[in-house]
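Some notes on the structure that comes next.
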Amino acid sequence: MHALDWAVLLATTLLIIGYGLYKSRGAALSGEQHLRGGGDLPWHTIGLSVMATQASAITFLSVPGQAYEDGLRFVQFYFGLPLAMVVICAFILPRYYGLRVITAYEYLESRFDTKTRVLGALLFLVQRGLAAGITIYAPAIILSAVLGWPLEATVVGIGSVVILYTVTGGSRAVSQTQKQQMIVMMGGMVVAAVVIARSLPEEVALPDAVAVAGALGRMNAVSFEFDLNDRYNFWSGITGGFFLALAYFGTDQSQVGRYLGGRSMAESRLGLLFNGLFKIPMQFLILFVGILVFVFYQFAAPPLLFNAPLERQVQQSAEAPAFSALQTRWDATQAEKQAAARRFVAARHADDGAAQARAAEELRTLHARAGTLREEAKATVRRAVPGAETKDADFVFIRFVTRWLPEGLVGLLVAVILFAAMSSTASELTALGQTTTVDLWRRLLRPEVDDRTLLLASKGFTVFWGLVALAFASFASLLDNLIQAVNILGSIFYGTTLGVFLAGFFLRRVGANAVFAAAVVSQAVVVALFFGSSIGFLWYNVIGCGLVMALASVLAAAGFGRRTA
């Protein structure tokens with residue numbers, strides 16, 4: 001990065017940290033307050049904090065790359081979210097406020113028993129502890145690529161900073177800081193979209209860019225085709241996405257802890273509804289940034305490999321001549337594609353439908369040829385660097401940013417990604433510390449703990465989970481697209497967890513033993529489906545939830561674990 005980029009990055013970071021310290025001044029919180037978050041947050045802080053918790057660095061790193069390779073259809077993942085917010089506000093939130101819980105899993109003991117509470121907490125700890133590792137790994141990719149630092153050292157550095165930031169601030173400071181981070185994150189993406197659109201050739205207006213993307217199958221925002229094996233369509237989004245959002249926002253402590261810090265139930269409701277209203281437009285904007293990058297590369301040559309460090313390794317290996325030959329063919333194909341894209345736009349301006357159709361077909365043919373060359377290049381990489389990960393969608397956006405965007409904006413977008421990492425990972429580690437302290441340690445081992453020991457235990461468990469996340473981050477490089485990895489991991493566990501909660505809310509005759517047995521069986525079924533079927537991961541949420549409720553009902557009807565009061 002240039003000096004101006006560093007200045008923008010440092011100034012933005014210091015302003016955000018300064019704001020967080022200012023808002024937290026004089027806040028010598030007790031252990032209980034440290035866990036609960038103070039209970040004084042207004043609705044707009046809750047709404048932005050909830051959005052910031054979900055919008056991790058992976059969102060700003062992987063989603064543009066997802067759109068580059070697969071178009072807009074990922075936005076369907078969020079179609080069920082607004083409805084989930086309404087259900088949570090109407091049925092779930094009043095129960096949490098009525099019990100004055102710190103974690104969502106305390107409700108499970110009040111409704112069922114201790115073992116069900118512990119099971120719910122453990123399911124959360126496993127999936128969120130692993131997901132936190134992925135959210136630490138994502139920004140490490142950025143800094144490693146931008147600054148040339150070793151990836152492993154960057155992972156440790158990022159993780160250590162986030163752990164320190166989380167342990168020092170607690171839940172209240174995390175929520176306060178996230179509001180400003182979210183504003184910077186969204187502002188940065190809006191600026192990026194404008195700059196990319198203005199970087200297109202002079203004759204290519206925004207409608208032309210949309211037409212080019214559509215001709216190459218990237219404007220595929222909604223698909224009504226019902227296919228269980230398709231990850232993203234309207235039906236998987238409105239059903240599986242609904243259940244996933246209901247589980248995530250209704251039972252995942254990283255989110256529950258954000259809105260239970262509100263000054264009232266009305267403020268918490270407004271914050272959740274705010275999230276439901278703005279989440280889909282926000283995701284569409286980030287996806288559209290990826291579409292604009294895709295269109296830009298129809299008029300300028302993209303790299304053969306987006307992973308620059310891996311590209312350098314190949315160029316220094318015995319496969320360098322083969323890679324160089326592929327690069328020559330790649331450059332020739334890109335030159336032809338750029339000419340075809342310009343013919344497409346010219347025909348569109350001339351309102352010549354036949355010429356536009358011919359140019360579109362030529363574009364698609366050249367795009368397919370380029371895809372074949374990319375696959376050959378990846379095969380060359382695997383020969384040159386055995387075991388290397390060749391899926392590089394997560395590098396698309398950052399490679400574009402560092403190569404094409406002006407000084408100053410690079411620093412702003414790096415700040416966006418770092419803030420996203422800080423906000424999301426801080427919420428995750430805070431929730432992991434809360435859950436371990438409240439639902440396991442205090443409930444099972446130290447029910448009469450004094451306040452100082454409670455505070456130290458909460459911070460200690462937060463550090464522990466930070467170290468677990470760092471350990472898993474070393475495995476994250478073996479995953480496919482990171483945004484999908486996080487959502488798949490959540491979907492494996494969320495359906496079962498949601499089924500337990502919904503059984504508590506709506507199945508009055510189901511008792512503790514019935515729901516516990518149903519949850520164990522359902523979780524085993526979902527894990528078996530993950531390893532043994534090709535069902536789209538969003539459906540795991542529906543299957544897991546439905547199985548828990550159905551099995552629990554059957555067991556209760558048969559007299560096993562039936563609630564008598």
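Positions are given from 1, in the same order as the sequence printed here. Computed over heavy atoms, backbone and side chain alike; hydrogens, waters and symmetry mates excluded.
Between the side chain of Y540 and the backbone N or O of I488 there is no donor-acceptor pair closer than 3.5 Å. At distances below 3.5 Å, at least one donor-acceptor pair connects side-chain atoms of S236 with backbone N or O atoms of N233. Counting only distance, with no hydrogens or angles, the side chain of Q523 and the backbone of I492 share a donor-acceptor pair below 3.5 Å. For W330 (side chain) and A370 (main-chain N/O), no donor-acceptor pair under 3.5 Å exists by modelled atom type. A donor-acceptor contact shorter than 3.5 Å is absent between the side chain of Q255 and the backbone of D252. Checked by atom type and distance alone, the side chain of N220 pairs as donor or acceptor with a backbone atom of L72 at under 3.5 Å. In this structure a side-chain-to-backbone donor-acceptor pair under 3.5 Å is missing from R509 to A557. A donor-acceptor contact shorter than 3.5 Å links the side chain of D392 to the backbone of F306. Judged purely by atom type and a 3.5 angstrom limit, R95 uses its side chain to pair as donor or acceptor with the backbone of F91. In this structure, the side chain of R258 does not engage the main chain of V50 through any donor-acceptor pair within 3.5 Å.
Between F294 atom CZ and F400 atom CZ the span is 13.5 Å, to the nearest 0.5 Å. For the atom pair OG1 (T333) and CZ (R369), the distance works out to 4.5 Å, reported to the nearest 0.5 Å. The structure places OG1 of T435 at 8.0 Å from CG of L440, a figure rounded to the nearest 0.5 Å. Here S491 contributes atom OG and W539 contributes atom CH2; the two are 12.0 Å apart, rounded to the nearest 0.5 Å. For the atom pair CG (L83) and CZ (F242), the distance works out to 4.5 Å, reported to the nearest 0.5 Å. The distance from the CG atom of L130 to the CZ atom of F472 is 4.5 Å, given to the nearest 0.5 Å.
Two residues are said to be in side-chain contact when any heavy atoms from C-beta on lie closer than 4.5 Å; P64 and I286 meet this criterion. Side-chain contact between T103 and F124: absent, with no pair of heavy atoms (C-beta onward) separated by less than 4.5 Å. With a 4.5 Å cut-off on side-chain heavy atoms, F464 and L432 do not count as touching. Within the 4.5 Å cutoff, no side-chain heavy atoms of N275 are placed close to those of Y259. In this structure, the side chains of N307 and T390 stay at 4.5 Å or more apart for every pair of heavy atoms. I280 places none of its side-chain heavy atoms less than 4.5 Å from the side chain of L81. Proximity of V548 to V515: side-chain heavy atoms (C-beta onward) are separated by under 4.5 Å at one or more points. F516 places none of its side-chain heavy atoms less than 4.5 Å from the side chain of N513.
A donor atom on one side chain and an acceptor atom on the other are not found under 3.5 Å apart for Q253 and Y105. Side chain to side chain, T380 and R383 meet the donor-acceptor criterion of an N or O pair below 3.5 Å.
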**Request:** Carefully, step by step, assess W465 and L125 under the rule side chain to side chain contact (heavy atoms under 4.5 Å, CB included).
**Result:** CA-CA 9 Å; W465 282 108; L125 292 173; 3.8 Å; yes

**Request:** Begin from the C-alpha positions of R73 and S223 and carry the test side chain to side chain contact (heavy atoms under 4.5 Å, CB included) through to its verdict.
**Result:** CA-CA 8 Å; R73 69 194 192 106; S223 170; over 6 Å; no

**Message:** side chain to side chain contact (heavy atoms under 4.5 Å, CB included) for N541 and L498? Distances and angles first, verdict last.
**Reply:** CA-CA 8 Å; N541 300 281; L498 179 61; over 6 Å; no

**Prompt:** Yes or no on side chain to side chain contact (heavy atoms under 4.5 Å, CB included) for R364 and L216, after CA distance, side-chain angles and deciding distance?
**Reply:** CA-CA 6 Å; R364 286 189 285 270; L216 291 170; 3.9 Å; yes

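Nearest heavy-atom pair, L304 versus L373, reported as atom, atom and distance to 0.1 Å: CD1-O, 4.2 Å. Across every non-hydrogen atom of C545 and L502, the tightest pair is SG-CD1, 3.6 Å. Across I238 and F79, no two heavy atoms sit closer than the pair CD1-O, 3.5 Å. Taking every heavy atom of both residues into account, Y107 and V101 meet most closely at N-CG1, 4.2 Å. Among all heavy-atom pairs drawn from A503 and F112, the shortest one is C-CZ, 4.0 Å. Of all heavy-atom pairs spanning A140 and V155, the tightest one is CB-CG2, 3.5 Å.
Checked against a 6.0 Å centroid threshold, the rings of F77 and F74 count as neighbours.
Counting only residues at least two apart or on different chains, the salt bridge (Lys or Arg N to Asp or Glu O under 4.0 Å) pairs with a member in residues 59-69 are E69-R374. Pairs engaging residues 206-221 under the salt bridge (Lys or Arg N to Asp or Glu O under 4.0 Å) rule: D208-R348 [sequence neighbours left out].
Under the rule for a side chain to side chain donor-acceptor pair (under 3.5 Å), R403 has no partner lying at least two apart in sequence or in another chain.
With respect to I92, the side chain to side chain contact (heavy atoms under 4.5 Å, CB included) criterion is satisfied by exactly one of L272, L246, T251: L246.
Note on ring orientation: taking the six-membered ring where Trp is involved, the planes of Y68 and Y297 are perpendicular (angle over 60°, cut-offs 30° and 60°).
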